[in-house]
Protein chains: 2
Amino acid sequence: MAENDATSLVRRAFVVLACFSTSDRELSLAQLVARTGLPKATLHRLAGQLIAAGALERSGRNYRLGVKMFELSGAVWAQRVLRDIAMPFLQELYEQTRETVQLAMFDGDAVLYIDRIRGHNTAVLPTFPGGRMPAYCTALGKAMLAFSPAETVNGIIARGLIPLSPRTVTTPNLLIAQLRSIQRTRIAYDAEESVSGVCCVAAPVLGANGRAIAAVSVSATTPRARRLRAESVRSCATRIGQALRDHSPGA
Amino acid sequence: MAENDATSLVRRAFVVLACFSTSDRELSLAQLVARTGLPKATLHRLAGQLIAAGALERSGRNYRLGVKMFELSGAVWAQRVLRDIAMPFLQELYEQTRETVQLAMFDGDAVLYIDRIRGHNTAVLPTFPGGRMPAYCTALGKAMLAFSPAETVNGIIARGLIPLSPRTVTTPNLLIAQLRSIQRTRIAYDAEESVSGVCCVAAPVLGANGRAIAAVSVSATTPRARRLRAESVRSCATRIGQALRDHSPGA
DNA sequence: GCGACGCGTTCCGGACACCGGGACGACATG
DNA sequence: CATGTCGTCCCGGTGTCCGGAACGCGTCGC
């Protein structure tokens, strides 16, 4: 485990917290040891300190993230402002489509999900606010990649297009062609490329400089996806972009 | 500053992170020093470590919370499950009312806001997901207090009912009478008690044991508040409670 | 029942990551 | 120019942190 190279306590603390970022609700001390490579006694003490700080909680003999981590997230300004401004538009898009609506930003090589509106009987997605997915195989990611610097795209291609589903596009030329199309149409599709059985239409939220700040998407199970209206998504994204510019002129 | 008693580095780290939990988007090193009482060199180093961990970011000479803090929040299971399950119902409530809908949990003496749906031209509230407010002067808080152990209520009263607005209820007997009424009706009101110019109707989400797990509210500016339908809010809360029980039988 | 194993908790001598006062350069102001 | 405030860096000192080891508990297989 590369993370046991960490010598700084703060770094170690966040390595431990990050262990919970996957699908695990709770982890035992032994599991944390296995994941971080930190010595058991060290980890036990660190976990105790994280509990005292509210970052972790006990659940029986297991640990889970504490409410403090939720609370601190509200103060992450970039996400909060985007979410606040986008919410009315996302809400309208949901009403127009009756399918799951998602808002995401770009972070590293990944899509970082910011918010989501879903109704009864909408597609069950593995994504959630705070979650991440590789950019190259999600409509949201591609929508943003198409309006990102070429170095970003090239970097992602160089690091490899690992398949996430049987339909993931893994050839650089095909991805680049898709991004070219998105640059023209401002609409990105994900035809079961990230999640089998789910299709997605996304559009980039652009800043004043033409770069992607975020993206909006509508997702549906494949049989229902033919009803997804690209124009609604694109319009929503455009209006969010405008609302952001109105909120922070010069941004 | 009481927090400078902290000797554990983890504790100090979270004291620093908590400085951003208020309304400040960014803080300078000097402001962090003033707020935490930690020595400047110590703080400078700690902030650097938090940056390395992704918990803080630089913005010019200032600091702000980093994207990592948003990302970790997605893994706080209790909030995530509640939010996921409640979302379709919140969405319906928004459509019925066209006013700001909020979902909250109870944490310590405070309401912790979990999610919010708002539209164009809805009331501007100072609350946001991750934010907190005293329980005794918010409809959400009172809805939950009414279905909490008596010790909880007595503790809050003993610690003092500090006014948040000119309309905040600060006499224990009146609060208790309100809670009695809420126990009968399952509806709580906030008539400009927490925020001047804003009224709120809330209902508790009850667990199988009759205790409040969370609460739902609709807020509107005072002139529009007479249209708020208590029955819609109560029905929404009841259905969320049922959905939670279906999701985790025995909880 | 007994031994082995895995788990979490606790102890304690050692050490090194962290501490913080102080120096320094940059910038703003009178 | 002098003063004050800011953020950054240095470095000797030290106390918080480290982690191996021991321990108690529970489970499982023989």
Side-chain angles (χ1 to χ4, degrees), chain A residues 1-20 22-66 68-69 72 75 77, chain B residues 1-20 22-66 68-69 72 75 77:
Chain A
M1 186 65 66
E3 283 84 4
N4 71 355
D5 292 339
T7 51
S8 131
L9 186 56
V10 170
R11 181 73 166 275
R12 288 181 165 194
F14 278 89
V15 164
V16 170
L17 294 175
C19 291
F20 296 89
T22 56
S23 56
D24 295 288
R25 168 181 188 162
E26 301 183 349
L27 292 166
S28 67
L29 184 66
Q31 287 169 317
L32 288 174
V33 167
R35 293 186 181 201
T36 60
L38 294 173
K40 188 166 53 168
T42 297
L43 204 25
H44 187 260
R45 186 177 50 249
L46 179 50
Q49 290 176 324
L50 288 167
I51 286 171
L56 285 186
E57 291 171 357
R58 292 302 298 257
S59 173
R61 296 182 69 161
N62 288 336
Y63 299 94
R64 63 191 181 200
L65 287 185
K68 188 75 181 178
M69 300 313 295
L72 284 169
W77 205 261
Chain B
M1 188 62 68
E3 282 84 4
N4 71 355
D5 293 338
T7 50
S8 131
L9 185 57
V10 171
R11 180 74 165 275
R12 287 181 167 194
F14 279 89
V15 164
V16 170
L17 295 175
C19 290
F20 297 89
T22 56
S23 57
D24 293 290
R25 168 180 190 163
E26 301 183 349
L27 292 166
S28 67
L29 184 66
Q31 286 171 314
L32 288 174
V33 168
R35 292 188 181 201
T36 60
L38 294 173
K40 188 165 58 171
T42 299
L43 204 26
H44 187 259
R45 187 179 50 250
L46 179 50
Q49 289 177 324
L50 287 168
I51 287 171
L56 287 185
E57 290 171 357
R58 293 302 298 261
S59 173
R61 297 183 71 160
N62 289 336
Y63 299 94
R64 62 192 182 201
L65 287 185
K68 189 74 181 179
M69 301 313 295
L72 284 169
W77 206 261

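Proteins come first, then strands; the chains are lettered A, B, ... in the order of their sequence lines, and each starts at number 1.
The two atoms that bring A:C19 and A:T36 nearest to each other are SG-CG2, 3.5 Å, heavy atoms only. Of all heavy-atom pairs between B:A18 and A:K68, the closest is CB-NZ, 3.9 Å. Pairing each heavy atom of B:K40 with each of B:L29, the nearest pair is CG-CD2, 3.8 Å. The minimum heavy-atom distance linking B:L65 with A:L72 is given by the pair CD1-O, 3.3 Å. Heavy-atom minimum distance, A:F14 versus B:M69: CE2-SD, 3.9 Å.
Interface limits on DNA chain D: the 5'-most and 3'-most nucleotides within less than 4.0 Å of chain B heavy atoms are D:dC6 to D:dC17.
The side chain to side chain contact (heavy atoms under 4.5 Å, CB included) search around A:Q49 returns A:L9, A:L46, B:S8, B:V10, not counting sequence neighbours. With sequence neighbours excluded, the residues that form a side-chain hydrogen bond (donor to acceptor under 3.5 Å, both in side chains) with B:E26 are B:S59, B:N62. Every side chain to side chain contact (heavy atoms under 4.5 Å, CB included) that A:R58 has, sequence neighbours left out, goes to A:I51, A:R61, A:Y63.
Contacts between residues 50-63 of chain B and DNA chain D, defined by a heavy-atom separation under 4.0 Å, are made by B:R58, B:R61, B:Y63.
For the salt bridge (charged side-chain N to carboxylate O under 4.0 Å, His left out) condition, the pairs that include at least one residue of residues 41-57 of chain B, sequence neighbours left out, are B:E57-B:R64.
With the end axes of the helix from C:dG1-D:dC30 to C:dG30-D:dC1 each set by five pairs, the angle from one to the other reads 30° at 10° resolution.
Between A:L17 and A:L56 the shortest side-chain heavy-atom distance falls below 4.5 Å.
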- Contact pattern, 5' to 3', of nucleotides 10-23 of chain C - B, S or - by protein heavy atom under 4.0 Å: B------SSBBB--
